[in-house]
Amino acid sequence: MNCGSVVTTYVKTLVPACIALACAVSATAQVYPVLPHGFLENGGQWSHDVRFVLRRGGVRIGVERDGLVVLVPRDDGGSARISLAWDADDPSEPTGRDPLPGMHHVFRGRESAATGLRMYSGIDWGGAGDPQLDATPDGATLRMPAPRLGKGLRVEGATLDVRDDGALSLRAGSGELRLSRPGSARWQLIQGRVLVEGADPAADGTSPIKVDITWATFLGGTNHGEEAKEIVRCPSGDLIVVGLTNATDFPVTPGAVQRSLSTPGGQMGGDDDDAFVARLSGDGSTLLAATYLGGSLRDVAELVALCGDDVIVAGSTGSADFPVTSGVAQTVYGGGTEDGFIARLDASLSALVWTSYLGGTGGGADAPRAMYVRESGEVVLVGRTCSPAFPVTPGFGPIDLPECDGFVTQFAANGQLDFSGYIGGSGDDGFNSVGVTASGDIIVGGGTNSVDFPVTPGVLDVTTGPGGGVLLCIASNGSAVIWATFLMKLGAGYVDVLPDDTILVSGMTGDPDFPISPGAYSDLYGPGTTQPVLAWVAPDGSQFLFTTFWGEYGWIGTYDMALDSSGRITLVGEEAAGQLPTTPDAYQKTFTGGLSDGFVQVFDAGGTELLYGSYFSKPSALGAPINAVVRDDCGGAIFVGTTYSPSFPVTAGAFDPVFDGVNEAYIARMTVINPWTNLGGSLAGSNGTPTLTPTGDLCEGFDVSLAIRRGPSLGTGFLVLGASELSAPFKLGTLVPAPDLVVGGLTLSPQGALTLPLVWPPGLPSGLELWWQVWFPDAGGPFGFSSTNGVVGRTP
């Protein structure tokens, strides 16, 4: 292909926009013009810690080796002292920049004087990665490069607050300093330290390019709350989300199957909860269809899948008047605390194709936990039942034993029962995941407390017994258990059947001697009581093919697992110990310290490398657990859950941007396979070391931007693009892209900034790599040039 012509196609769509970077320092006290505007060096007239002083209208700014001391007038005639210091192991000595004309003399009494002092218009601390301070008629402008900001800013002597406009307010007595919002980044206050979140990466290529939330939206009404339980992605890109709500004004759409809450008035978790089913556009901006689904008592939609264009929903209900249809397997509530239900709705959520109960009599509960829809329309449900008369078809499995058992049920495409039955031992058993092999046999994962669970000979583990997981293979017609095995104290949380019928298991173990394979991502068992595991099991259940630990230790609730088209494994859930590994490009690197945090972990298909790891709760200390996830083909993960925070990071254009309940369902998309890599190669110039920071996924129709920072003030840039990497020495810097195309005329702002936005065009092949860099004529750079770091983007 002609790479140059491909690059030309989308470069023409770049539109420059200016973004300011400086962090301005000012004072609310009245400012009087004093000439010249500069920093006077210390010739012994002040404390030896102070190197320079700037005076403005009663405000004094003292420059020290590791920061600033600011004296702000108080109403009582005294001064309030505020100190700002940046974290540094070896602070650089401040030096004057751009000396002003003339000499200055300071007299202290009759016998002491400091004469021949210079005044400077600016101050530098060391190299281009250190702060810069400039005198202005109104005070001073402090520029803090991203690497320094990322290390933190310590503030003493002031009350700190982040204002609505994004500025950082520092109050002492009646005086105030304000540091404006640092470009597109955000001030963050943590235990007395000021950090910057979302700052530009270091220009040397050592800092990764962070990923972020692409979009996020709430989904709910205005009273009480919602929980989102499961999500499926349609071939069109639309998203189907299910859960429960007790909001009387949940946003149902015209023509919905059920337009109102069945029994309004109670609290979340009570009898008035109804299930909901909602269809949203793939970018979270539009609600296409939504309906309640329930009867007079509590109803919860836990599972969702597609059958052609129709939507299959399953869950639990305590309602004897749940809207079932005629001609299905079970039209009457079985009894006990709750029955399962399964419903097939049309694509518009305006009609019930069929609906059935699934449950037995007695005081127990029947709970579907996992679902698989075959291409021919049959629906396999597995779960846990405590009913002594759960529906059982002839020839399927043993009768119910004393405790709760696992169940396996298959519905025909028309809602009739193909087969159904219990599987278990004398203890408490249950199933929570299901998959299907290439030949149609059913793989079921779950847990057991039965010493006599019916395992078969010749499998991985026939002796471990209760307290761990079980894995079974059941004939496609339900006629027999082909094989069944214990899992050596590994609790089987979720299973997925790979294309070669290998079975991937995600679970937890409390066994420090659990067998871990050579070359695993981690073989370290931490000091806690449980450890998360990924395990690959042979198609015949005879052995572990590969195993690895993946978390440190502590309580980790893995609620869902998804694989993308490349076999990469995404795990989501909730964690309460702060011991999960995170990657340098994580959206949230650390645990909030609250009740629990949601998490996302992405591993390569072989289980040897963590590709992406992040917490997901900020800014709420109450957490935002992730209940379910689906992957798209653009490196993204779309997940759903519940948040208790009105400051959950919904994005512009979201369908529902307002938190208006006790808790609210959310849907969010995050990039988890980062398409961008920082390659370094920058060349410092008159405004420090320029940076190039790309954002966005490289898929058709996605918004992409290239943010240039710290270029020459009002300079002109040249964007260099290449379909291959050159990385050749040039003007004492490094020309990273092979220059297949050079686009000139990129005019920077006075702060040396520019953002180039574009919409990623169609037609670019998967796996295409493109290299980007910007060069500037710059009198402050070697040989009159400076440049940004180079970056490479890879299409998924």
Side-chain angles (χ1 to χ4, degrees), residues 186 188-191 193 195 197-198 210-218 225-231 243 493-494 506-508 522 526-534 549-562 569-603 610-630 636-651 659 662-672 674:
R186 299 181 294 273
Q188 189 178 33
L189 307 180
I190 299 180
Q191 297 179 345
R193 296 173 66 236
L195 300 177
E197 186 180 60
K210 288 187 65 176
V211 298
D212 209 338
I213 292 176
T214 311
W215 59 261
T217 183
F218 294 123
E226 288 79 26
E227 294 181 17
K229 294 289 192 177
E230 181 66 280
I231 183 172
Y494 290 89
S506 166
M508 298 285 290
S522 173
T529 58
T530 56
Q531 192 103 2
V533 174
L534 283 172
F549 292 132
W550 61 266
E552 295 298 323
Y553 58 88
W555 181 83
I556 300 172
T558 302
Y559 297 156
D560 201 8
M561 177 172 70
I569 305 155
T570 301
L571 302 160
V572 299
E574 184 177 13
E575 197 260 3
Q579 298 295 334
L580 285 180
T582 58
T583 49
D585 59 350
Y587 168 74
Q588 179 183 334
K589 291 184 180 180
T590 57
F591 183 67
T592 61
L595 297 178
S596 63
D597 279 8
F599 69 80
V600 184
Q601 301 273 289
V602 182
F603 288 87
L610 178 67
L611 303 177
Y612 181 78
S614 178
Y615 287 102
F616 181 77
S617 286
K618 65 180 183 181
S620 170
L622 292 174
I626 300 174
N627 291 332
V629 63
V630 291
I638 305 166
F639 41 80
V640 299
T642 305
T643 181
Y644 302 86
S645 172
S647 54
F648 182 88
V650 294
T651 52
F659 182 92
V662 176
N663 53 282
E664 196 126 359
Y666 71 82
I667 308 103
R669 183 191 185 276
M670 177 187 291
T671 301
V672 293
N674 196 341

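For the numbers below, each heavy atom of this structure counts, side chains included, while hydrogens, waters and symmetry mates do not.
- With rounding to the nearest 0.5 Å, the separation of CG in L534 from OG in S522 is 11.0 Å.
- Note that OG1 of T642 and CD of E664 are 10.0 Å apart. Values are rounded to the nearest 0.5 Å.
- A donor-acceptor pair shorter than 3.5 Å can be found between the side chains of Y559 and E574.
- Rounding to the nearest 0.5 Å gives a distance of 11.0 Å between CG of D585 and CG of D212.
- Counting heavy atoms from C-beta on, the side chains of I638 and I231 come closer than 4.5 Å.
- If you run side chain to side chain contact (heavy atoms under 4.5 Å, CB included) between T583 and each of L611, V211, L610, only L610 comes through.
- Y666 pairs with exactly one of F648, Y644, W215 by the ring-ring contact (aromatic ring centres under 6.0 Å, His included) rule, that one being F648.
- Separation of atoms OG1 (T217) and CZ (R669) is listed at 15.5 Å; rounding is to 0.5 Å.
- The structure places CD1 of I626 at 4.0 Å from CZ of F639, a figure rounded to the nearest 0.5 Å.
- In this structure, the side chain of S596 does not engage the main chain of E575 through any donor-acceptor pair within 3.5 Å.
- Under a 3.5 Å cut-off, the side chain of Y587 and the backbone N or O of T671 do not form any donor-acceptor pair.
- Checked against the 6.0 Å centroid criterion, the rings of F659 and F218 qualify as a close aromatic pair.
- Scored by the side chain to side chain donor-acceptor pair (under 3.5 Å) test, N627 finds no partners at all (sequence neighbours excluded).
- Between Y612 and Q601 there is no side-chain heavy-atom pair separated by less than 4.5 Å.
- Side-chain contact check for F603 versus L571: some heavy-atom pair is nearer than 4.5 Å.
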